[in-house]
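What you are looking at is a predicted structure, and each value in this text was computed from that prediction instead of being measured. The sequence lines fix the lettering, A, B, ..., with proteins before strands; numbering per chain opens at 1.
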Amino acid sequence: MALLPTVKQLLAMEPEGQDVTVRGWVRTKRETKQSVFIEINDGSCLSNIQAVVDALLVKEEAVKNTLLRVSTGASVEVHGALVPSPAKGQKAEVSVRTIELIGEAPADRYPLQKKAHSLEFLRELAHLRVRTNTFGAVARVRNAMAFAIHRFFQERGFYYVHTPIITTSDAEGAGAMFQVTTLDLEALAKSGGPVEYDKDFFGKKAYLTVSGQLNVETYCQALSRVYTFGPTFRAENSNTTRHLAEFWMIEPEVAFAGLADNIALATEFIQFLVSTALTDCAEDIAFFDQRIQPGLRESLEKVAQTPFTHMTYTDAIRELETSHAEFEFKPYWGCDLQSEHEKFITEKVVRGPVVVTDYPKEIKAFYMKQNSDGKTVAAMDVLVPRFGEIIGGSEREWRLELLEKRIEELGLAKEAYGWYLDLRRFGSTPHSGFGLGFERLLMFVTGMSNIRDVIPYPRAARQAEF
RNA sequence: UCCCCUGUAGCUCAGCUGGCAGAGCAAGUGGCUGUUAACCACUGGGUCCGGUGUUCGAACCACCGCGGGGGAGCCA
């Protein structure tokens with residue numbers, strides 16, 4: 001199939017009266033005595049292309065009847081000449097010779113109007129909201145970032161690993177899990193009998209994954225540099241602007257890498273993605289800067305250029321303790337950093353992204369490498385202004401005895417970690433990795449403030465429409 | 001799961017101390033102008049989230065339920 005030039009491509013051309021065809025959806029129609037102006041958008045870029053129907057043409061009965069039904073949301077195909085625009089506002093426009101209505105969108109029923117709508121209202125129209133400037137821009141940036149993530153890793157010798165979505169391990173240690181079953185729950189409830197998991201599809205309890213990390217570590221111990229990028233599921237009943245029940249996560253894992261390597265990789269990664277967004281999505285970022293988050297572009301440029309501040313957890317606690325700021329939760333060594341603490345450090349102390357390392361082992365996961373002080377682990381969180389944690393990672397505990405001891409201390413079922421412990425039994429190596437929440441990255445890059453607005457169809461507690 | 005706010009026209013909201021249901025935008029019609037968040041005039045448009053109660057009288061007060069938003073915790 002020969003593809004026609006998109007609106008984006010048409011707008012990049014020099015207008016010399018050449019024949020063009022535009023297919024897309026009508027954003028607005030403005031009528032004057034002389035002409036009818038139709039703004040057409042095909043999603044290829046933020047900008048619309050203006051199609052102008054001259055008065056002589058408008059007088060033709062067939063054209064007049066068509067134009068009556070050309071309303072906001074309708075799909076059209078126009079043929080005409082791409083000409084320089086005599087008016088301000090656009091360089092080029094299409095001087096229309098023929099216009100065809102492909103699919104109408106009756107104004108009394110089409111829910112999107114040619115006016116600004118609230119994000120809350122649009123959330124109820126997830127199937128149509130991508131037709132708006134904001135959600136079209138989010139979709140394009142999301143695409144660009146997904147592509148850039150692969151490019152970043154591929155250019156650095158990382159292999160993309162597809163870790164499983166379904167797992168029978170409830171030991172991934174990252175949160176509440178969704179159970180997966182083919183058992184007839186209604187029949188089971190009626191029977192009142194016990195649940196026979198040996199008769200379930202996998203012959204045992206199964207879940208949706210909460211993290212690909214443990215699985216990707218196994219590939220790391222053979223391919224050296226690997227990453228996962230896929231959907232992840234958490235059954236937490238959390239109702240916030242930063243959490244989803246289904247979200248996408250990027251998890252790189254590097255063999256023979258220590259915490260410092262991990263920090264360097266995470267920093268380079270974020271700066272690469274931010275730079276890519278600024279160059280490849282310039283028009284969309286300018287839109288977000290203007291309409292969604294004033295100052296966005298400048299702050300992204302700063303993030304792309306400035307080395308990230310690094311402080312240990314102990315330093316961070318000291319900053320908080322000596323700040324004289326009023327906190328709802330009084331900070332002390334050993335406490336987990338609360339949202340207000342993270343915000344204070346990124347927004348008031350550092351005024352930019354910050355890498356916090358070496359947390360108390362009690363507040364971090366079992367697999368993190370224990371430091372020689374006996375109190376902390378080689379953990380690394382990247383915190384950013386506006387919403388806190390965007391990356392969580394660590395050097396992994398690669399010494400069998402220490403890992404087994406930690407599992408016992410935490411009262412975890414050692415049997416469940418058999419294959420994971422094998423990595424430490426056979427050819428173990430130091431290795432490090434981190435998890436980046438894709439949607440949180442998108443919030444950071446676009447300035448959108450609700451995570452439900454950076455994924456096409458958000459899933460959260462009591463929310464799985466569309 | 002907890003705390004706070006909120007639900008009135010298609011959308012965003014006002015509606016005072018309980019007393020006739022309102023505005024802007026959108027839509028329709030007409031006018032005007034190479035228009036561009038178009039402009040001007042007119043018109044149509046309501047289960048005041050649902051239920052129960054208090055009252056002569058409820059959009060407004062009380063209780064129950066449902067929906068939406070924000071914050072906290074969990075984390076990415």
Side-chain angles (χ1 to χ4, degrees), chain A residues 27-39 47-55 68 71-73 83-90 93 95 105-125 132-133 172-176 210-213 231-251 266 290-291 327-329 336-343 363-365 381-384 387-393 434-444 449-455 460-463 465:
Chain A
R27 284 295 176 79
T28 76
K29 180 179 70 170
R30 292 179 293 270
E31 301 184 51
T32 76
K33 202 127 215 171
Q34 292 305 311
S35 319
V36 175
F37 300 88
I38 304 166
E39 299 261 2
S47 296
N48 308 318
I49 195 163
Q50 176 167 276
V52 186
V53 188
D54 186 79
L68 277 176
S71 57
T72 300
V83 297
S85 178
K88 276 190 269 183
Q90 58 281 315
E93 63 187 26
S95 179
D108 57 340
R109 274 167 285 158
Y110 184 63
L112 299 180
Q113 303 161 352
K114 59 168 184 176
K115 55 165 280 188
H117 286 296
S118 69
L119 298 174
E120 291 81 9
F121 173 66
L122 293 171
R123 237 167 260 155
E124 296 168 10
L125 299 169
T132 65
N133 285 336
E172 290 172 339
V210 294
S211 163
Q213 184 199 311
T232 312
F233 307 86
R234 305 266 168 98
E236 310 284 354
N237 186 13
S238 52
N239 206 320
T240 78
T241 53
R242 313 181 296 285
H243 292 84
L244 288 169
E246 177 182 294
F247 64 99
W248 287 60
M249 189 154 63
I250 300 101
E251 295 173 289
Q290 195 187 345
R291 295 291 178 89
F327 293 115
E328 193 184 338
F329 295 94
D336 210 345
L337 293 182
Q338 307 290 319
S339 290
E340 55 178 341
H341 302 154
E342 295 181 347
K343 278 202 179 117
I363 59 174
K364 287 293 180 184
D381 284 359
V382 179
L383 313 179
V384 296
F387 56 87
E389 184 175 346
I390 192 171
I391 279 181
F434 60 83
L436 169 76
F438 188 44
E439 285 75 19
R440 289 194 182 170
L441 170 83
L442 290 172
M443 290 170 77
F444 184 63
S449 54
N450 191 315
I451 200 166
R452 292 166 200 216
D453 296 333
V454 296
I455 190 167
R462 291 177 302 282
Q463 181 177 37
E465 292 300 312

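Spacing between B/rG57 and B/rG19 at atom C1', rounded to whole Å, works out to 7 Å. When the P atom is compared between B/rC48 and B/rC20, the two are found 16 Å apart, to the nearest whole Å. Nucleotides B/rC49 and B/rC16 have their P atoms positioned 14 Å apart, rounded to a whole Å.
Judged by distance alone with a 3.5 Å cut-off, no donor-acceptor contact links the side chain of A/Glu120 to the base of B/rG69. A donor N or O paired with an acceptor N or O is not found under 3.5 Å between the base of B/rC39 and the side-chain atoms of A/Arg30. Between the base of B/rC32 and the side chain of A/Lys33 there is no donor-acceptor pair shorter than 3.5 Å.
Every residue two or more places apart in sequence or in another chain was checked for a salt bridge (charged side-chain N to carboxylate O under 4.0 Å, His left out) with A/Glu251, and none qualifies.
In the set B/rU33, B/rG34, B/rA72, B/rA72 carries the atom at the smallest distance from any side-chain atom of A/Lys343. You'll find that the side chain of A/Gln338 is closest to B/rA72, out of B/rG34, B/rA72, B/rC11.
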Could you spell out the base pairing of RNA chain B as a dot-bracket line? Use Watson-Crick and G-U wobble contacts where both distances are under 3.5 Å, [ ] for crossing pairs, | for partners on a different strand. (((((((..((((.....[..)))).(((((.......))))).....(((((..]....))))))))))))....

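Atom CG in A/Leu436 sits about 17 Å away from atom P in B/rC75, given to the nearest Å.
Where stacking is scored as ring centres under 5.5 Å apart with planes under 30°, A/Phe247 registers as stacked on the base of B/rA76.
Near RNA chain B, meaning a heavy atom under 4.0 Å from it, residues 233-243 of chain A has A/Arg234, A/Glu236, A/Asn237, A/Ser238, A/Asn239, A/Thr240, A/Thr241, A/Arg242, A/His243 in order of number.
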